[in-house]
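The shown structure was predicted, so the numbers you read here are calculated from the model rather than taken from an experiment.
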Amino acid sequence: GRLPEGGLEIPGVRVGALGVDQDADGGQEPERRHQDPVRPARFHDAWIIMDDVTRIDLWLQRWRIHQASRHIPAGGRVLDVGTSDGALLKILDGVIGESVGIDPGIPVQSTLGRHRLLPGNFPEALPALEPGSFDAVVMLAVLEHIEPEHLPDVGKACLRLLRPGGRVILTVPSPRV
């Protein structure tokens with residue numbers, strides 16, 4: 001489908017139909033400023049500026065988060081597999097409960113507000129957690145990076161970590177899937 005003319009609303013972020021809102025003077029250069037709560041966030045207002053990530057990558061990330069958020073219960077605990085910089089946890093912070101993100105690109109265990117960020121691959125690097133610890137396991141554009149021989153372990157770990165009625169929410173960036 002097409003994005004609505006006015007853009008796509010994501011909690012805390014407004015994404016225009018082409019992914020860029022122009023400045024009042026018509027320029028498109030990103031400003032490095034704190035988000036003004038009165039003015040909607042523009043697409044290029046990112047928490048972490050990554051030189052190797054394009055605007056379309058950031059737009060897609062936020063679009064996927066928006067789509068996933070519709071399937072996460074309010075106050076639910078989330079395991080974000082492939083969390084990268086924790087964008088999902090940041091964007092949904094006021095909506096979700098205390099959650100965990102895991103990614104091989106995270107250098108050391110850290111916290112992001114009330115959320116934990118863990119280094120390593122899922123599920124082997126995940127510390128021992130109680131079965132049923134999460135309402136949702138989210139994998140946005142991650143599944144295609146997992147070696148086929150590891151997929152059964154990933155599936156078993158998801159089932160073990162989900163509460164009854166919990167959901168696995170995933171996207172795969174392929175029109176054939």
Side-chain angles (χ1 to χ4, degrees), residues 1-23 28 30-50 52-103 105-106 111-118 122 133-146 154 158 161-163 165-177:
R2 284 190 59 192
L3 287 175
E5 194 67 34
L8 176 64
E9 293 297 324
I10 300 173
V13 177
R14 182 181 180 282
V15 180
L18 294 176
V20 177
D21 285 345
Q22 292 190 349
D23 293 336
Q28 293 183 344
E31 296 176 28
R32 295 180 188 250
R33 63 172 171 77
H34 291 292
Q35 190 171 335
D36 181 344
V38 176
R39 182 174 161 190
R42 293 178 318 184
F43 172 72
H44 51 256
D45 292 337
W47 285 280
I48 296 177
I49 304 296
M50 294 179 265
D52 61 339
V53 176
T54 66
R55 287 181 176 174
I56 191 68
D57 292 326
L58 291 172
W59 181 87
L60 284 169
Q61 177 191 50
R62 279 152 180 77
W63 181 80
R64 288 179 182 122
I65 291 169
H66 172 73
Q67 296 301 316
S69 71
R70 299 183 306 166
H71 304 284
I72 299 171
R77 290 196 70 214
V78 173
L79 173 60
D80 184 17
V81 177
T83 195
S84 184
D85 64 351
L88 180 138
L89 303 176
K90 291 176 203 174
I91 290 171
L92 300 180
D93 185 49
V95 178
I96 61 175
E98 186 178 300
S99 296
V100 176
I102 185 167
D103 194 285
I106 295 174
T111 58
L112 181 63
R114 58 197 175 111
H115 310 293
R116 289 190 323 171
L117 295 178
L118 305 173
F122 175 77
S133 294
F134 299 98
D135 297 291
V137 176
V138 178
M139 291 184 263
L140 304 181
V142 170
L143 199 61
E144 68 277 8
H145 299 285
I146 299 172
V154 168
C158 289
L161 292 169
L162 282 172
R163 291 185 176 138
R167 296 180 174 181
V168 173
I169 303 165
L170 59 93
T171 63
V172 179
S174 172
R176 294 180 291 164
V177 176

J.: Determine whether Met139 and Val154 make a side-chain contact, defined as any pair of heavy atoms from C-beta on separated by less than 4.5 Å.
T.: yes

J.: Please determine, by modelled atom types, if His115 and Asp93 share a side-chain donor-acceptor pair under 3.5 angstrom.
T.: yes

J.: Would a distance-only check, ignoring hydrogens and angles, find a side-chain to backbone donor-acceptor pair under 3.5 Å from Ser69 to Gln67?
T.: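 No; judged by distance alone, with no hydrogens or angles, the pair does not exist.
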
J.: Run through Ile146, Asp103, Leu161 and flag the one making a side-chain contact (heavy atoms from CB on, under 4.5 Å) with Phe122.
T.: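 Filter result, single survivor: Leu161.
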
J.: Any ion pair linking Arg163 and Asp135 (charged N to carboxylate O, less than 4.0 Å)?
T.: yes

J.: Are any non-hydrogen side-chain atoms of Val81 and Val138 less than 4.5 angstrom apart?
T.: no

J.: Judged by atom type as modelled, is there a donor-acceptor pair below 3.5 Å linking the side chain of Asp80 to the main-chain atoms of Gly101?
T.: no

J.: Could you check whether any side-chain N or O of Thr171 sits under 3.5 Å from a backbone N or O of Ala141, counting only pairs where one atom can act as donor and the other as acceptor?
T.: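 Confirmed, Thr171 side chain pairs with Ala141 backbone.
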
J.: Quick one, Val78 and Leu92 - any side-chain contact, counting heavy atoms below 4.5 Å?
T.: no

J.: Evaluate whether atom CZ of Arg64 has more than 12 neighbouring non-hydrogen atoms of other residues, nucleotides or ligands under 6.0 angstrom away.
T.: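 For Arg64, atom CZ is crowded (more than 12 foreign heavy atoms under 6.0 Å).
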
J.: Tell me whether Arg77 contacts the main-chain N or O of Glu98 through its side chain, where contact means a donor paired with an acceptor under 3.5 Å.
T.: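 Judged by distance alone, yes, a pair lies under 3.5 Å.
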
J.: Tell me, do Asp85 and Gln61 make a side-chain contact under 4.5 Å, heavy atoms counted?
T.: yes

J.: For a 4.5 angstrom cut-off between non-hydrogen side-chain atoms, does Ile96 reach Leu89?
T.: yes

